[in-house]
Number of protein chains: 2
Amino acid sequence: MHTPHSHHPVPTPEQLQQQLADAGLRATRQRLLILESLLVLPGHPTAEQVHQRVTGQLSSVSLGTVYKTLDSFVVAGLTRRVASAEGSRRRYDADCTEHHHLVCADTQEIIDYCDPKLDELIRGFFADKGLPGFQPHSFSLHVTGSRVVDLPTAESAQQA
Amino acid sequence: MHTPHSHHPVPTPEQLQQQLADAGLRATRQRLLILESLLVLPGHPTAEQVHQRVTGQLSSVSLGTVYKTLDSFVVAGLTRRVASAEGSRRRYDADCTEHHHLVCADTQEIIDYCDPKLDELIRGFFADKGLPGFQPHSFSLHVTGSRVVDLPTAESAQQA
DNA sequence: TGCACAGGTAAGAATGATTCTCCGCAAAGA
DNA sequence: TCTTTGCGGAGAATCATTCTTACCTGTGCA
């Protein structure tokens, strides 16, 4: 099944160190915390949100450091910026593999969605079709909608 | 053919008036100019770019008015905000029909792309699949890539 | 151990984008 | 016409992000 990722599978310190090492970045306390927060926070956090969580564990970390660090993650390919239409805060995604986004119109949350079948479908479509004067590199589908909280249906209500 | 829209088909003043009227907005000189600029400018302009063009025709229009007006267009459903990852300026799209975007990684230009076949493909995919706990309303595909300027091939070069 | 060096960090100033406030004016309705 | 309402302009205010500066830490090396 390839339903929305549930981030959360809390990463071990070793995994974090490894990721930073692979990206060629020194593993400072601040960076480990920032990377961890990025992986753990739901809905693609803003710098502000990352900062909030990080200061909970090491209160001295400055917002400027969070910004600079997130940027360095982006250039190192560890992280990417997420395209969003509403709100003028930048959002970050720790997952750099190709994937798609479910954007909740109500809460502004952005949920990762990943399905190789869908990738294949889209890739195939453009491979067939070709675009005049444009060479596609990557695809990202934004699905706007609303969360449904498993409302009780008429039937399930009857069962009670 | 459903290749990228080429905006530009310059709208008549009557069409503009009509659009504003349909949206329930007063048709002031400023609004007409702003709407026209939005329709005419390529690549999904920022408020700043709209302002630049508008002041070319009516120099007194203030940037604040452009912002306010664009927002009112958005709430009226005349216009929408475009999701973009890079740069921290907000961009607007006068086209509210469902469509997709080609994002040029080099120039940051955002080109509209429209193809009912693609819509159908995506819609069909999710209709089959269904998303747990999420009700999709609309889909927008972001194709990141680079413009190809019809480079001369080995052959076409030989012809010269 | 002692010494430069590279890179990181915190703090706050600076910048840039967007929103807000306030006031005069023009348009729509009575 | 008189009134009410909304619109637009100017500039202040706010918010997000970047830059500057100075300090600090860990590292390599004599």
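A, B, ... follow the sequence lines: proteins, then strands. Residue 1 opens every chain. Bear in mind the structure is a predicted one, so any value in this text is a computation, not a measurement.
Listed by first and then second residue, the salt bridge (charged side-chain N to carboxylate O under 4.0 Å, His left out) pairs that reach into residues 54-69 of chain B come to none, sequence neighbours excluded. Applying the ring-ring contact (aromatic ring centres under 6.0 Å, His included) definition to pairs two or more places apart or across chains, those involving residues 117-140 of chain B are A:Tyr113-B:Phe126, B:Phe126-B:Phe139. Listed by first and then second residue, the salt bridge (charged side-chain N to carboxylate O under 4.0 Å, His left out) pairs that reach into residues 41-51 of chain B come to none, sequence neighbours excluded.
The shortest non-hydrogen separation linking A:Cys96 to A:Gly77 is SG-O, 3.2 Å.
With sequence neighbours left out, the side-chain contact (heavy atoms from CB on, under 4.5 Å) criterion links B:Asp22 to B:Gln18. A:Asp106 meets the side-chain contact (heavy atoms from CB on, under 4.5 Å) test with A:Cys104, A:Ser146; sequence neighbours excluded. The side-chain contact (heavy atoms from CB on, under 4.5 Å) search around A:Ser60 returns A:Leu58, not counting sequence neighbours. In terms of the ring-ring contact (aromatic ring centres under 6.0 Å, His included) criterion, residue partners of B:His101 (sequence neighbours excluded) are, by chain and number, B:His44, B:His99, B:His142.
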Using the 3.5 Å cut-off, write out each protein N or O paired with an N or O of nucleotides 22-30 of chain C and the distance between them.
none

Any N/O pairs under 3.5 Å between the protein and nucleotides 14-18 of chain C? List them or say none.
{"residue": "C:dA17", "atom": "OP1", "partner": "B:Arg89", "partner atom": "NH1", "Å": "2.4"}
{"residue": "C:dA17", "atom": "OP1", "partner": "B:Arg89", "partner atom": "NH2", "Å": "3.1"}
{"residue": "C:dT18", "atom": "OP1", "partner": "B:Arg90", "partner atom": "N", "Å": "2.7"}
{"residue": "C:dT18", "atom": "OP2", "partner": "B:Tyr67", "partner atom": "OH", "Å": "2.1"}
{"residue": "C:dT18", "atom": "O5'", "partner": "B:Tyr67", "partner atom": "OH", "Å": "3.2"}

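Rounded to whole angstrom, the span from the CZ atom of A:Arg31 across to the C1' atom of C:dT9 amounts to 10 Å.
Toward the 5′ end of DNA chain D lies the nearest nucleotide of B:Gln30, the other residue of the pair B:Gln30 and B:Gly64 mapping further downstream.
When heavy atoms are screened at a 4.0 angstrom cut-off, B:Thr65 is found touching base atoms of the nucleic acid.
The span of DNA chain D lying next to chain A, judged by atoms under 4.0 Å from heavy atoms, is bounded 5' to 3' by D:dA16 to D:dT18.
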Tabulate below the donor-acceptor pairs under 3.5 Å that side-chain atoms of residues 29-39 of chain B make, not counting sequence neighbours, or state none.
{"residue": "B:Arg31", "atom": "NH1", "partner": "B:Arg26", "partner atom": "O", "Å": "3.3"}
{"residue": "B:Glu36", "atom": "OE1", "partner": "B:Arg53", "partner atom": "NH1", "Å": "3.3"}
{"residue": "B:Ser37", "atom": "OG", "partner": "B:Leu33", "partner atom": "O", "Å": "2.9"}
{"residue": "B:Ser37", "atom": "OG", "partner": "B:Arg53", "partner atom": "NH1", "Å": "2.9"}

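Side-chain heavy-atom separations under 4.5 angstrom define the hydrophobic clusters, and the remaining members of the one that includes B:Leu63 are B:Tyr67.
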